[in-house]
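These notes concern the structure reproduced below.
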Amino acid sequence: MHEDGNGGEEHAGSPEPASGVEQPAFLALERELTVLLRRARASQGEMAREVHPDLEPSAYGLLVRLEECGRQRATELASYIGVGKATMSRQLRALEELGLVGREPDPADGRAWLVTLTEEGRRRVSRVREARRARYAGRLADWDPGEVDELARLLHRLNRGMEK
(Lines give C-alpha, C1' and ligand atoms only; values in the text may rest on other atoms or scores of the structure.)
Protein backbone atom coordinates (compact mmCIF):
# COMPACT_ATOMS: atom_id res chain seq x y z
CA MET A 1 0.00 0.00 0.00
CA HIS A 2 1.07 3.58 -0.57
CA GLU A 3 1.10 6.40 1.91
CA ASP A 4 -1.44 9.11 1.23
CA GLY A 5 -0.87 12.83 1.67
CA ASN A 6 -1.79 12.65 5.36
CA GLY A 7 0.49 9.77 6.25
CA GLY A 8 -2.28 7.16 6.12
CA GLU A 9 -2.70 4.20 3.87
CA GLU A 10 -4.53 4.10 0.58
CA HIS A 11 -8.19 3.14 0.96
CA ALA A 12 -10.34 1.35 -1.55
CA GLY A 13 -12.24 3.77 -3.76
CA SER A 14 -15.86 3.69 -4.84
CA PRO A 15 -16.97 0.92 -7.21
CA GLU A 16 -17.99 3.49 -9.84
CA PRO A 17 -15.92 3.59 -13.04
CA ALA A 18 -13.13 6.18 -13.09
CA SER A 19 -13.41 9.13 -15.43
CA GLY A 20 -11.56 12.42 -15.93
CA VAL A 21 -9.56 13.43 -12.88
CA GLU A 22 -10.84 10.37 -11.02
CA GLN A 23 -8.73 8.08 -13.21
CA PRO A 24 -6.40 5.88 -11.15
CA ALA A 25 -3.34 7.42 -12.80
CA PHE A 26 -4.28 10.94 -11.66
CA LEU A 27 -5.18 9.73 -8.18
CA ALA A 28 -1.80 7.95 -7.92
CA LEU A 29 -0.02 11.06 -9.26
CA GLU A 30 -1.71 13.28 -6.68
CA ARG A 31 -0.85 10.89 -3.85
CA GLU A 32 2.81 10.46 -4.84
CA LEU A 33 3.36 14.17 -5.47
CA THR A 34 1.85 14.97 -2.07
CA VAL A 35 4.33 12.64 -0.38
CA LEU A 36 7.24 13.94 -2.47
CA LEU A 37 6.39 17.59 -1.78
CA ARG A 38 6.01 16.99 1.95
CA ARG A 39 9.42 15.31 2.03
CA ALA A 40 10.93 18.06 -0.14
CA ARG A 41 9.72 20.76 2.27
CA ALA A 42 11.30 18.94 5.20
CA SER A 43 14.51 18.40 3.23
CA GLN A 44 14.65 22.07 2.20
CA GLY A 45 14.55 23.07 5.85
CA GLU A 46 17.39 20.68 6.67
CA MET A 47 19.50 21.95 3.76
CA ALA A 48 18.85 25.56 4.70
CA ARG A 49 20.09 24.87 8.26
CA GLU A 50 23.18 23.16 6.84
CA VAL A 51 23.99 26.29 4.82
CA HIS A 52 23.49 28.50 7.89
CA PRO A 53 21.60 27.81 11.14
CA ASP A 54 19.63 31.07 10.78
CA LEU A 55 18.69 30.61 7.11
CA GLU A 56 14.95 30.47 6.38
CA PRO A 57 14.00 27.35 4.40
CA SER A 58 12.30 29.47 1.73
CA ALA A 59 15.54 31.36 1.06
CA TYR A 60 17.47 28.19 0.19
CA GLY A 61 15.93 28.17 -3.31
CA LEU A 62 17.24 31.69 -3.92
CA LEU A 63 20.76 30.59 -3.13
CA VAL A 64 20.48 27.59 -5.46
CA ARG A 65 19.13 29.82 -8.24
CA LEU A 66 22.05 32.25 -7.82
CA GLU A 67 24.54 29.39 -7.83
CA GLU A 68 23.06 27.94 -11.03
CA CYS A 69 22.36 31.15 -12.95
CA GLY A 70 24.77 33.68 -11.54
CA ARG A 71 23.97 37.24 -10.56
CA GLN A 72 20.44 38.48 -11.15
CA ARG A 73 18.19 41.39 -10.38
CA ALA A 74 15.93 41.05 -7.39
CA THR A 75 12.90 41.39 -9.68
CA GLU A 76 14.08 38.38 -11.73
CA LEU A 77 14.52 36.34 -8.56
CA ALA A 78 11.10 37.37 -7.25
CA SER A 79 9.48 36.37 -10.53
CA TYR A 80 11.25 33.01 -10.62
CA ILE A 81 10.42 32.16 -7.00
CA GLY A 82 6.90 33.59 -7.28
CA VAL A 83 6.96 36.18 -4.51
CA GLY A 84 6.40 39.92 -4.36
CA LYS A 85 9.06 42.62 -4.26
CA ALA A 86 8.61 43.24 -0.52
CA THR A 87 9.08 39.57 0.34
CA MET A 88 12.12 39.35 -1.93
CA SER A 89 13.65 42.48 -0.38
CA ARG A 90 13.20 41.05 3.11
CA GLN A 91 14.77 37.71 2.15
CA LEU A 92 17.70 39.37 0.39
CA ARG A 93 18.34 41.63 3.40
CA ALA A 94 18.45 38.55 5.64
CA LEU A 95 20.81 36.77 3.23
CA GLU A 96 23.08 39.82 3.13
CA GLU A 97 23.15 39.98 6.94
CA LEU A 98 24.22 36.32 6.99
CA GLY A 99 27.02 37.12 4.53
CA LEU A 100 25.65 34.77 1.85
CA VAL A 101 24.79 37.31 -0.87
CA GLY A 102 25.93 40.73 -1.93
CA ARG A 103 24.66 43.41 -4.29
CA GLU A 104 26.49 45.24 -7.03
CA PRO A 105 25.36 47.92 -9.48
CA ASP A 106 23.91 46.60 -12.72
CA PRO A 107 26.26 47.77 -15.51
CA ALA A 108 23.31 47.80 -17.93
CA ASP A 109 21.20 50.07 -15.68
CA GLY A 110 22.85 52.19 -13.02
CA ARG A 111 19.58 52.43 -11.08
CA ALA A 112 19.33 48.66 -10.63
CA TRP A 113 21.32 46.21 -8.52
CA LEU A 114 22.43 42.67 -9.19
CA VAL A 115 22.35 40.07 -6.44
CA THR A 116 25.23 37.61 -6.31
CA LEU A 117 26.48 34.88 -4.02
CA THR A 118 29.44 35.83 -1.87
CA GLU A 119 32.38 33.44 -1.85
CA GLU A 120 31.21 32.19 1.55
CA GLY A 121 27.68 31.72 0.18
CA ARG A 122 28.98 29.84 -2.85
CA ARG A 123 31.15 27.58 -0.69
CA ARG A 124 28.31 26.74 1.71
CA VAL A 125 25.68 26.14 -0.99
CA SER A 126 28.04 23.98 -3.06
CA ARG A 127 28.89 21.84 -0.04
CA VAL A 128 25.21 21.25 0.81
CA ARG A 129 24.23 20.51 -2.79
CA GLU A 130 27.09 18.03 -3.21
CA ALA A 131 26.00 16.23 -0.04
CA ARG A 132 22.40 16.14 -1.27
CA ARG A 133 23.44 14.66 -4.63
CA ALA A 134 25.48 12.04 -2.78
CA ARG A 135 22.36 11.11 -0.74
CA TYR A 136 20.35 10.79 -3.98
CA ALA A 137 23.06 8.61 -5.48
CA GLY A 138 23.03 6.38 -2.41
CA ARG A 139 19.26 6.06 -2.27
CA LEU A 140 18.99 5.38 -6.01
CA ALA A 141 22.05 3.12 -6.24
CA ASP A 142 19.89 0.16 -7.27
CA TRP A 143 18.24 2.13 -10.09
CA ASP A 144 19.43 1.82 -13.65
CA PRO A 145 21.11 5.10 -14.72
CA GLY A 146 18.58 5.31 -17.56
CA GLU A 147 15.75 5.30 -15.02
CA VAL A 148 17.36 8.21 -13.17
CA ASP A 149 17.69 10.08 -16.48
CA GLU A 150 14.05 9.33 -17.30
CA LEU A 151 12.86 10.51 -13.88
CA ALA A 152 14.80 13.77 -14.28
CA ARG A 153 13.39 14.23 -17.79
CA LEU A 154 9.80 13.63 -16.65
CA LEU A 155 10.14 15.91 -13.61
CA HIS A 156 11.55 18.63 -15.88
CA ARG A 157 8.58 18.18 -18.21
CA LEU A 158 6.18 18.34 -15.25
CA ASN A 159 7.83 21.52 -13.94
CA ARG A 160 7.64 23.13 -17.38
CA GLY A 161 3.97 22.20 -17.62
CA MET A 162 3.29 23.78 -14.22
CA GLU A 163 4.69 27.10 -15.48
CA LYS A 164 1.84 27.46 -17.98
Side-chain angles (χ1 to χ4, degrees), residues 1-14 18-74 76-83 87-88 91-92 94-95 98-102 115-164:
M1 291 204 162
H2 287 286
E3 189 177 327
D4 71 15
N6 296 318
E9 293 182 352
E10 178 181 2
H11 298 285
S14 66
S19 65
V21 296
E22 296 298 319
Q23 292 178 11
F26 288 109
L27 293 171
L29 175 63
E30 177 192 23
R31 178 180 52 249
E32 298 303 332
L33 283 176
T34 298
V35 172
L36 178 66
L37 293 172
R38 186 180 64 234
R39 289 179 179 156
R41 277 190 299 276
S43 177
Q44 185 172 358
E46 292 170 14
M47 290 181 295
R49 285 187 298 279
E50 288 177 29
V51 170
H52 192 285
D54 297 328
L55 182 65
E56 291 182 30
S58 60
Y60 177 77
L62 291 173
L63 298 175
V64 169
R65 178 70 175 181
L66 289 168
E67 183 189 40
E68 290 180 348
C69 300
R71 59 189 190 172
Q72 295 186 354
R73 289 183 180 186
E76 292 171 317
L77 289 168
S79 175
Y80 176 76
I81 300 293
V83 298
T87 299
M88 182 55 55
Q91 286 187 336
L92 291 175
L95 290 171
L98 295 175
L100 301 173
V101 301
V115 179
T116 187
L117 283 176
T118 61
E119 284 306 312
E120 178 67 9
R122 187 172 315 286
R123 185 185 65 75
R124 287 176 179 240
V125 171
S126 293
R127 179 181 44 82
V128 170
R129 292 188 77 200
E130 287 171 17
R132 181 175 59 171
R133 285 191 302 274
R135 284 193 299 270
Y136 289 155
R139 289 182 179 151
L140 301 178
D142 59 339
W143 285 39
D144 180 271
E147 291 175 316
V148 177
D149 285 339
E150 181 69 359
L151 177 60
R153 185 188 70 75
L154 290 171
L155 287 172
H156 176 75
R157 185 174 174 194
L158 176 65
N159 285 326
R160 295 294 297 195
M162 297 296 183
E163 291 174 2
K164 297 175 182 176

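Atoms considered below: every heavy atom in the structure, side chains included; atoms not considered: hydrogens, waters and symmetry mates. Because the structure is predicted, anything quoted here is derived from the model rather than measured.
- With contacts defined as side-chain heavy-atom distances shorter than 4.5 Å, the pair Val51/Leu100 qualifies.
- Between Glu147 and Glu150, the closest side-chain pair of non-hydrogen atoms is not below 4.5 Å.
- A heavy-atom distance below 4.5 Å is found between the side chains of Leu117 and Glu67.
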Worked check of side-chain contact (heavy atoms from CB on, under 4.5 Å) between Arg41 and Leu37: CA-CA 6 Å; Arg41 277 190 299 276; Leu37 293 172; 4.0 Å; yes
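- Val115 approaches Leu77 most closely through the heavy-atom pair CB-CD1, 4.1 Å.
- Between Asp144 and Asp149 the shortest side-chain heavy-atom distance does not fall below 4.5 Å.
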Donor-acceptor list for residues 53-63 side chains, cut-off 3.5 Å, not counting sequence neighbours:
from	atom 1	to	atom 2	distance (Å)
Glu56	OE2	Arg90	NH1	2.9
Ser58	OG	Gln91	NE2	2.8

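- Applying the 6.0 Å contact sphere to CD of Glu30 captures no more than 12 heavy atoms from other residues, nucleotides or ligands.
- Salt-bridge check for Arg123 with Glu119: failed, with every basic side-chain N at 4.0 Å or more from each acidic carboxylate O.
- Residue Gln44 holds its CD atom at 10.5 Å from CZ of Arg49, rounded to the nearest 0.5 Å.
- Other residues, nucleotides and ligands place more than 12 heavy atoms under 6.0 Å from the CZ atom of Arg133.
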Intermediate values then yes/no, side-chain contact (heavy atoms from CB on, under 4.5 Å), Arg73 and Glu76: CA-CA 5 Å; Arg73 289 183 180 186; Glu76 292 171 317; 3.7 Å; yes
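- Using a 4.5 Å heavy-atom cutoff, the side chains of Val64 and Glu68 are in contact.
- Side-chain atoms of Thr87 do not come within 3.5 Å of backbone N or O of Val83 as any donor-acceptor pair.
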Criterion salt bridge (charged side-chain N to carboxylate O under 4.0 Å, His left out) on Glu130 and Arg127, from CA distance to verdict: CA-CA 5 Å; Glu130 287 171 17; Arg127 179 181 44 82; over 6 Å; no
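- With values rounded to the nearest 0.5 angstrom, Leu151 atom CG is found 10.0 Å from Tyr136 atom OH.
- With Thr116 contributing its side chain and Gly102 its backbone, the two residues share no donor-acceptor pair below 3.5 Å.
- Atom OG of Ser43 is separated from atom CZ of Arg135 by 6.0 Å, given to the nearest 0.5 angstrom.
- Atom CZ of residue Arg124 and atom NE2 of residue His52 lie 5.0 Å apart, to the nearest 0.5 angstrom.
- Closest approach of Leu92 and Ala74 over heavy atoms only: CD1-CB, 3.6 Å.
- Distance check, rounded to the nearest 0.5 Å: CG of Leu66 to CZ of Arg71 gives 11.5 Å.
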